[in-house]
Amino acid sequence: MSAHAVGPHPAEPPLIALVGNPNCGKTALFNRLTGSRQKVGNYAGVTVERKEGRFTSPAGRTWRVLDLPGAYSLLAATPDEAVTRDVITGAHFGEAAPDGLVCVVDATNLRLNLRMVLELQQLGLPMLLVLNMMDVARKRGIRIDTDRLQQMLGLPVVEAVAVQPAGEQALLAQLDGLNWPTAKTAHAPGGLRRSLDAIGQTPVEDTHRRVGEVLRACTSQPAHAPRTTAELDRWALHPVAGPLILAALMFLVFQAVFSWAQAPMDLIDAGMGALGDLVRTHLPEGMLRSLLIEGVIGGAGSVLIFLPQIVILFGFILALEDSGYLPRAALLLDRIMGSVGLSGRAFIPLLSSFACAVPGIMATRTMANPRDRLVTILIAPLMTCSARLPVYALLIAAFIPERTVLGWFNLQGLVLFALYGAGIASALLVALVLKRLLKQGGAQALLMELPDYHLPHLRNLAVGLWERTRIFVQRVGTIILSLMIVLWFLSNFPAPPEGASGPAIQHSLAGLIGRALEGVFAPIGFNWQICIALVPGMAAREVAVATLGTVYAMSQTGDELSSALVQLIGHAWSLPTALSLMAWYVFAPQCLSTVIVARRETNGWRWPLVMVAYLFALAYGAAFVVYRLALAWGA
């Protein structure tokens with residue numbers, strides 16, 4: 001496919017593209033430049049995220065800026081790298097080539113980053129080099145002669161600290177002093193394609209030799225790695241102590257989810273109860289009051305109460321990521337994952353799936369091995385996503401007593417830890433089966449840079465937690481609330497006939513659906529109320545809790561619905577039914593958004609349908625075994 005430069009439309013400001021290795025600080029720089037003036041979408045034909053924004057330089061010039069996916073080379077090995085290559089060269093459908101490149105590099109790791117710089121230079125596009133993380137480089141004793149580097153590379157070089165206020169000012173000043181992109185020379189058709197071919201024919205040894213020359217001439221490195229990092233890694237990466245430390249950290253996380261969240265959960269519970277009382281006091285009895293109390297407040301409120309537990313869970317994950325520990329965890333798990341046919345590269349996508357399987361599946365684009373990528377996509381829904389946490393928390397609170405074990409451990413936290421562990425173990429077993437079925441080579445060795453340890457950046461933690469909170473609350477206020485309103489109508493219409501006995505919901509459309517499904521799920525102990533909850537749960541798993549709140553509110557009174565729901569199911573359901581439902585949700589068929597993303601990432605319906613089928617089979621089989629064993633043991 002030929003590529004050519006397309007000049008900016010007279011009405012459009014010039015377009016520059018931020019390009020560089022993953023984790024070099026590109027996105028932080030993009031956010032610093034654009035602030036709120038950015039839009040996020042997908043590139044045409046693919047699910048790779050596209051971020052474009054605008055900013056105005058101190059001289060008053062307006063620029064458009066594109067944050068390209070991280071890439072180690074223009075010789076693309078992953079979907080992310082392929083999009084970056086095609087956008088830079090103007091070969092991506094519907095995308096004009098940028099007017100200039102801003103190559104961002106990690107100043108603490110120039111040896112790895114300079115390979116990409118040298119490749120980009122061969123394209124002949126206008127380019128500027130940004131040495132990011134200069135503050136960290138100086139703390140580590142790394143010295144970089146920027147004037148000498150600029151002379152050797154033959155392009156402008158500036159320093160930046162993207163995570164600090166005004167850390168982008170040197171870049172802005174340099175942009176104002178350049179006469180590109182408006183004076184950019186158009187490339188002949190196919191010119192950039194031929195440049196890519198030339199890059200592919202350049203011996204790797206020549207590139208490494210050139211990188212070494214630049215580093216020797218322009219940088220000086222400390223004699224030893226930071227002592228703190230080396231000392232900590234003696235324990236964190238130890239073959240025995242390392243896995244024990246990782247297990248202890250994960251255990252602490254799940255203990256904290258129950259032990260620390262109770263007070264804020266009580267506040268939310270009291271607030272929702274007070275709101276229900278307010279509506280009950282000021283609105284006359286009728287359909288509107290029923291909708292607001294039972295559908296809106298009762299349904300959405302029964303999910304919102306679990307927000308503190310989700311915040312605590314992701315606060316730990318973000319802190320471990322920002323401290324530099326997560327790459328060590330990937331290395332520790334590489335041997336275990338290799339035994340089932342995966343490499344440690346699958347760790348980050350699978351860890352992302354603890355938030356939601358959607359970003360976890362999308363994160364597999366960084367994996368070069370097609371078989372590894374497919375297997376990771378298929379097992380990502382087995383990671384216990386945050387949407388299942390409200391279901392687990394409800395069942396654990398209703399059926400597992402709140403007491404300590406061995407004087408230290410919270411029993412409810414132990415059960416939650418076991419449920420998460422069951423999901424992980426089942427994912428490894430499924431990966432082992434897929435390894436034998438797909439029969440495509442072995443796992444790739446894991447090679448990665450290990451960053452130094454540092455205290456988590458409070459601003460990064462705050463932004464990450466705010467984003468997770470915003471997404472959860474937005475979900476409650478849109479998808480869940482909409483489903484609850486629909487369910488309320490299904491639960492109230494048609495009205496029960498004259499002289500009918502039992503709760504009114506049994507005679508409604510929702511009751512009819514639940515009764516029809518009860519025959520299918522009776523062997524695993526599910527009643528018709530649970531069957532009703534499973535249907536909207538396909539849109540979003542956490543809706544199951546809101547559905548139960550709405551269903552039982554039809555025939556239940558009480559100001560504090562969440563507490564009442566815990567007490568109600570604790571008495572209405574048997575322990576075998578509760579254990580069966582927990583087992584079901586370990587393998588529960590994923591929500592529709594996960595199926596759609598899997599379809600887009602695998603370019604067809606074959607593998608998403610395989611995923612839905614095997615998850616349903618596992619969920620039903622596990623629930624059946626657990627229910628029957630619990631009955632046999634007299635639980």
Side-chain angles (χ1 to χ4, degrees), residues 46-47 77-80 82 330-354 356-385 388 419-447 520 524 538 541 583-626:
V46 294
T47 54
T78 68
D80 275 2
L331 283 178
L332 288 172
L333 294 174
D334 183 53
R335 179 176 297 179
I336 297 175
M337 300 179 78
S339 65
V340 298
L342 290 174
S343 80
R345 294 185 187 278
F347 173 73
I348 300 300
L350 293 178
L351 183 68
S352 300
S353 297
F354 280 105
C356 176
V358 170
I361 290 174
M362 295 176 68
T364 63
R365 293 192 303 259
T366 61
M367 301 177 67
N369 186 307
R371 189 197 69 87
D372 274 9
R373 182 168 184 260
L374 176 60
V375 172
T376 305
I377 289 173
L378 293 177
I379 67 174
L382 287 169
M383 299 296 103
T384 304
C385 66
R388 283 182 245 190
L419 290 170
Y420 271 74
I424 296 171
S426 63
L428 295 178
L429 289 174
V430 171
L432 181 61
V433 173
L434 291 174
K435 172 188 176 181
R436 299 184 182 278
L437 292 178
L438 295 177
K439 296 179 181 179
Q440 182 181 341
Q444 291 182 329
L446 177 64
L447 299 174
V520 177
I524 59 176
M538 285 298 293
R541 286 188 180 104
W584 170 272
Y585 268 94
V586 170
F587 306 98
Q590 64 274 35
C591 59
L592 293 178
S593 57
T594 303
V595 177
I596 292 171
V597 169
R599 186 264 173 199
R600 293 170 67 185
E601 293 291 339
T602 59
N603 296 316
W605 283 108
R606 176 190 176 191
W607 291 113
L609 292 177
V610 168
M611 183 165 58
V612 171
Y614 96 77
L615 286 173
F616 182 87
L618 283 179
Y620 198 96
F624 182 86
V625 171
V626 168

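Worth knowing before you read on, the calculation uses all heavy atoms, side chains too, and leaves out hydrogens, waters and symmetry mates. Because the structure is a prediction, the values reported are computed rather than measured.
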**Student:** Of all the heavy-atom pairs spanning T602 and P608, show the shortest one and how long it is.
**Tutor:** OG1-CD, 3.6 Å

**Student:** Check T364, I379, I377, D372 against P349 for a side chain to side chain contact (heavy atoms under 4.5 Å, CB included) and give me the one that passes.
**Tutor:** T364

**Student:** Could you grab the distance from atom CG of L434 to atom CG of L374, nearest 0.5 Å is fine?
**Tutor:** 7.5 Å

**Student:** For residues 614-622, which side-chain donor-acceptor pairs fall under 3.5 Å, sequence neighbours excluded?
**Tutor:**
from: Y614; atom 1: OH; to: L378; atom 2: O; distance (Å): 2.6
from: Y620; atom 1: OH; to: V520; atom 2: O; distance (Å): 2.7

**Student:** Can you measure from CE (M611) to CG (L382) and round to the nearest 0.5 angstrom?
**Tutor:** 10.0 Å

**Student:** Of the non-hydrogen atoms in F587 and R388, which two are nearest, and what is the gap between them?
**Tutor:** N-NH1, 4.2 Å

**Student:** Nearest 0.5 Å please: distance from the CG atom of L437 over to the CG atom of L432.
**Tutor:** 9.5 Å

**Student:** Do T384 and Y585 come close enough that some side-chain heavy atom pair is under 4.5 Å?
**Tutor:** no

